[in-house]
Amino acid sequence: MSVKPEDFFKNIISHCKEYGFIFQSSEIYDGLSAVYDYGQNGAELKKNIREYWWKAMVQMHENIVGIDAAIFMHPTTWKASGHVDAFNDPLIDNKDSKKRYRADVLIEEHVAKIEDKIEKEVEKAKKRFENFDEGMFRSTNARVLEYQNKITEINSRFKTALNDGNLAEVKQIIIDCEIVCPISGSRNWTDVRQFNLMFATQLGSVSEESNTIYLRPETAQGIFVNYLNVQKTGRMKIPFGIAQTGKAFRNEIVARQFIFRMREFEQMEMQFFVKPGTEMHWYEYWKTARLKWHNSFGLGNENYKFHDHIKLAHYANAACDIEFKFPFGFKELEGIHSRTDFDLKQHEQFSGKKLQYFDNEENKSYVPYVVETSVGLDRLFLATLSAAYKEEALENGETRVVLNLPPALAPIKAAVFPLVKKDGLPELAEEIINELKYDYIVTYDEKDTVGKRYRRQDAIGTPYCITVDHQSLTDKMVTIRHRDTMQQDRIAIAEVKEFLNERVSLTSLLKKN
RNA sequence: GCGGAAGUAGCUCAAUUGGUAGAGCUCCAGCCUUCCAAGCUGGAGGUUGCGGGUUCGAGACCCGUCUUCCGCUCCA
């Protein structure tokens with residue numbers, strides 16, 4: 001069936017709400033923008049994806065261990081990482097052109113223009129006079145001095161305004177300088193606003209500035225500051241990795257596209273510490289390994305592609321994304337970055353502590369290089385769900401909505417139905433559930449026709465439905481109905497658990513790596 | 001943040017130019033006993049996003065506000 005892409009994405013969002021995967025945060029209070037809650041099925045799917053990642057990274061690698069660092073960290077952490085300075089730009093919009101500018105850049109460009117005028121005066125004078133004394137000209141010419149004073153005044157006002165955090169004054173400077181928008185040519189400006197990447201809060205009862213702490217904008221720093229603790233107490237030998245999953249917080253200017261870009265989100269990161277000079281080898285290794293992991297979901301290998309970063313962040317010497325074909329196009333799912341020794345060096349400098357590793361083979365100490373793999377759990381959730389969501393046209397003309405989730409990740413692994421709710425069938429179904437519930441999340445349903453019950457389970461991605469009928473009472477067999485093919489098999493009740501073990505445990509997925 | 005559109009039951013939508021808020025599906029309790037959503041009976045569910053205003057009377061008109069969607073803008 002052909003559904004328009006934007007409608008398809010809308011249908012997925014509706015489906016998420018209707019079947020208890022994702023609700024908007026605080027919906028009864030009209031919601032909170034770009035914040036979402038995971039419902040009963042969403043929480044299971046998310047937990048299963050997280051568990052698969054953790055096992056693939058930690059359990060399957062002897063040299064990778066996991067930690068769980070606090071969200072609160074010492075404020076100096078973020079000075080060292082560069083997050084405090086890099087993300088507090090004053091922004092201003094032109095109301096006519098709808099263009100947004102950094103206010104500081106506008107003012108700097110204005111100052112540069114005045115400097116150009118001075119240079120032009122100097123050039124003109126040079127041509128006009130013989131025996132031209134440029135130094136004298138610059139310090140005495142009335143026009144040059146006027147320009148120079150203007151520059152000094154603007155710079156001093158601007159510096160004071162920034163130091164005081166006086167955004168109204170920054171706007172006033174732009175007005176006083178008669179700065180116009182390069183596009184519209186108008187001076188119709190909005191107020192200047194400061195956008196901070198990090199959410200700040202106060203530790204302790206008194207809100208003094210020294211007590212300001214931040215909600216972490218990335219989990220990686222929790223790994224870096226603990227790198228030596230883990231290396232020493234775990235007797236880790238390079239190369240080794242530290243993995244972590246957890247919430248991070250970013251005050252995005254515009255957060256859109258459902259759970260793709262949220263202000264509160266969960267990261268799954270692994271920092272791999274390597275000998276300097278070997279980082280490109282490991283960078284390539286993890287690119288391959290991570291793509292293979294994504295492919296193991298079986299959502300279609302053509303839906304993934306690498307996107308190499310041309311412009312690198314200040315800390316990286318190589319970086320790429322694994323992009324996924326979301327309903328709204330190819331977008332970043334996971335980042336793989338060679339972060340060099342930037343972070344550890346920064347923390348050495350700011351903490352005054354040595355963060356070196358003694359390499360017995362080389363017989364020397366060094367700060368390790370780091371290769372990072374960082375995947376957004378919420379994005380992975382959205383990728384999985386949107387690729388699994390199918391609106392199928394059946395032969396009889398009906399449509400069926402089904403989630404073709406990898407069975408190991410499905411919120412509910414099996415549903416057990418009595419064909420009819422009498423004659424002892426419900427009791428037998430309960431017995432089967434009591435047998436399975438120690439290993440898997442299973443559910444029971446006796447309402448409506450069995451066909452309707454199958455469809456309900458299809459909609460949440462339950463891979464198997466087990467139906468008890470009258471014959472089951474005597475032959476101890478049940479019907480197993482497959483989600484993807486809708487085919488039915490008859491198997492012994494005694495074999496049901498083994499049947500599920502082979503199909504819905506994480507083991508089969510892990511073996512694909 | 002700017003511009004555009006929208007907000008009525010859990011969902012999809014109605015409600016003549018302003019005159020007592022309805023339907024289908026879902027849900028719940030029964031009946032029926034059925035292997036792929038369609039049978040029967042009954043029931044629950046709404047301060048029409050929120051707050052003001054105009055009016056005898058507002059779901060509808062006006063103002064504000066919140067949220068969502070689309071497009072700009074931004075994005076380690």
Side-chain angles (χ1 to χ4, degrees), chain A residues 6-7 9-11 13-15 17-20 23-35 78 81-83 86-87 89 91-102 183 188-193 195 197-198 216-221 248 250-258 260-261 267 269 309 312-316 319 321 328 331-332 335 337 339 372 374 376 394-402 417-423 425 446-459 465-471 478-483 485-488 490:
Chain A
E6 63 264 32
D7 288 340
F9 188 41
K10 272 183 187 165
N11 291 350
I13 295 170
S14 302
H15 191 84
K17 185 188 175 187
E18 188 174 357
Y19 289 95
F23 308 121
Q24 193 181 12
S25 165
S26 320
E27 196 184 10
I28 61 168
Y29 291 109
D30 277 337
L32 187 60
S33 188
V35 183
W78 306 112
S81 71
H83 285 86
F87 301 100
D89 308 326
L91 301 177
I92 190 166
D93 291 343
N94 183 271
K95 291 178 184 172
D96 298 314
S97 67
K98 315 295 180 202
K99 281 283 178 184
R100 168 167 294 167
Y101 301 92
R102 278 173 55 172
I183 307 283
N188 192 6
W189 297 106
T190 64
D191 287 341
V192 176
R193 292 174 311 276
F195 283 108
L197 173 82
M198 292 191 288
R216 64 183 178 199
E218 65 174 16
T219 56
Q221 300 303 326
R250 290 180 196 178
N251 195 14
E252 302 285 354
I253 296 168
V254 173
R256 280 279 173 79
Q257 280 160 330
F258 199 38
F260 183 80
R261 178 169 291 116
Q267 293 184 305
E269 295 196 315
H309 287 197
L312 297 172
H314 57 280
Y315 52 74
D321 298 332
F328 40 84
K331 296 279 181 183
E332 178 186 349
H337 296 192
R339 290 182 79 133
E372 167 189 271
S374 173
L394 300 181
E395 287 175 1
N396 61 7
E398 289 176 355
T399 60
R400 173 176 86 126
V401 173
V402 58
F417 308 145
L419 188 58
V420 296
K421 57 178 172 187
K422 64 174 190 183
D423 303 333
L425 301 189
E446 61 175 27
K447 174 82 178 161
D448 299 313
T449 64
V450 73
K452 214 165 181 176
R453 285 177 267 168
Y454 287 149
R455 298 299 178 84
R456 276 203 285 266
Q457 295 304 321
D458 289 340
C465 293
I466 299 162
T467 302
V468 174
D469 56 26
H470 289 91
Q471 207 182 324
V478 287
T479 301
I480 291 215
R481 181 265 193 184
H482 299 251
R483 175 195 67 196
T485 60
M486 299 194 285
Q487 284 181 347
Q488 304 184 6
R490 191 98 177 141

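Values in this document were obtained by computation on a predicted structure and should not be read as measured data. Scope of the values below: all heavy atoms of this structure, side chains included, with no hydrogens, waters or symmetry mates.
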I'd like the [atom1] distance from [M] over to [N], given in whole Å.
| N | M | atom1 | result |
| --- | --- | --- | --- |
| B:rG24 | B:rG51 | C1' | 33 Å |
| B:rU33 | B:rC40 | C1' | 14 Å |
| B:rA15 | B:rA23 | P | 15 Å |
| B:rC27 | B:rC66 | P | 37 Å |
| B:rG3 | B:rU65 | P | 12 Å |
| B:rU55 | B:rC63 | C1' | 16 Å |
| B:rA44 | B:rA29 | P | 15 Å |
| B:rU41 | B:rG59 | P | 33 Å |

Quiz item: Hey, does A:E218 reach any base, or is it just sugar-phosphate, or nothing, if we go heavy atoms under 4.0 Å?
Solution: nothing

Rounded to whole angstrom units, what separation is found between the [atom1] atom of [X] and the [atom2] atom of [N]?
| X | N | atom1 | atom2 | result |
| --- | --- | --- | --- | --- |
| A:H15 | B:rU26 | NE2 | P | 16 Å |
| A:R483 | B:rA37 | CZ | C1' | 18 Å |
| A:K10 | B:rA5 | NZ | P | 15 Å |
| A:R453 | B:rC35 | CZ | C1' | 9 Å |
| A:H470 | B:rU33 | NE2 | P | 10 Å |
| A:Y454 | B:rC36 | OH | C1' | 7 Å |
| A:F9 | B:rG71 | CZ | P | 11 Å |
| A:N11 | B:rC69 | CG | P | 15 Å |

Counting side-chain heavy atoms from CB outward, which of [options] is closest to [X]?
| X | options | result |
| --- | --- | --- |
| A:M486 | B:rC35, B:rA37, B:rC36 | B:rC36 |
| A:R490 | B:rC28, B:rC35, B:rU26 | B:rC35 |
| A:D448 | B:rC36, B:rC27, B:rU33 | B:rC27 |

Quiz item: Do A:H15 side-chain atoms and A:A459 backbone N/O form a donor-acceptor pair below 3.5 Å?
Solution: yes

Practice problem: Look at the side chain of A:R453 and the backbone N and O of A:L419, then say whether any donor-acceptor pair between them is shorter than 3.5 Å. | Solution: yes

Nucleotide forming a Watson-Crick or wobble pair with [N], both distances under 3.5 Å:
| N | result |
| --- | --- |
| B:rU55 | none |
| B:rU33 | none |
| B:rC69 | B:rG4 |
| B:rA21 | none |

Protein-nucleotides 9-11 of chain B N/O pairs closer than 3.5 Å?
unit_1	atom_1	unit_2	atom_2	d
B:rC11	OP1	A:K17	NZ	2.9

Any chance you could measure [X], atom [atom1], to [Y], atom [atom2], to the nearest 0.5 Å?
| X | Y | atom1 | atom2 | result |
| --- | --- | --- | --- | --- |
| A:Q267 | A:T219 | CD | OG1 | 4.0 Å |
| A:W78 | A:E218 | CH2 | CD | 5.5 Å |
| A:Q471 | A:R490 | CD | CZ | 4.5 Å |
| A:D448 | A:R455 | CG | CZ | 13.0 Å |

Any N or O donor-acceptor pair linking the side chain of [X] to the base of [N] at under 3.5 Å?
| X | N | value |
| --- | --- | --- |
| A:D469 | B:rC35 | yes |
| A:R481 | B:rC36 | yes |
| A:R261 | B:rC75 | yes |

Quiz prompt | Minimum heavy-atom distance between A:K17 and A:F23, given as atom pair plus value | solution = O-CE2, 3.5 Å

Quiz item: Of the non-hydrogen atoms in A:E372 and A:A220, which two are nearest, and what is the gap between them?
Solution: OE1-CB, 3.8 Å

Quiz item: Quick one: on RNA chain B, does A:T479 or A:E372 contact a more 5' nucleotide (nearest heavy atom)?
Solution: A:T479

Quiz item: Pick the nucleotide of RNA chain B nearest each of A:L419 and A:E269; which residue has the one closer to the 5' end?
Solution: A:L419

Can a side chain N or O of [X] be found less than 4.0 Å away from OP1 or OP2 on [N]?
| X | N | answer |
| --- | --- | --- |
| A:K421 | B:rU33 | no |
| A:Q24 | B:rU68 | yes |
| A:R456 | B:rC27 | yes |

Practice problem: Just jot down the side chain to side chain contact (heavy atoms under 4.5 Å, CB included) partners of A:H470, sequence neighbours excluded, or say none. | Solution: A:V420, A:D423, A:L425

Practice problem: Classify the side-chain pair A:T479/A:Q488 by whether it contains a donor and acceptor separated by less than 3.5 Å. | Solution: no

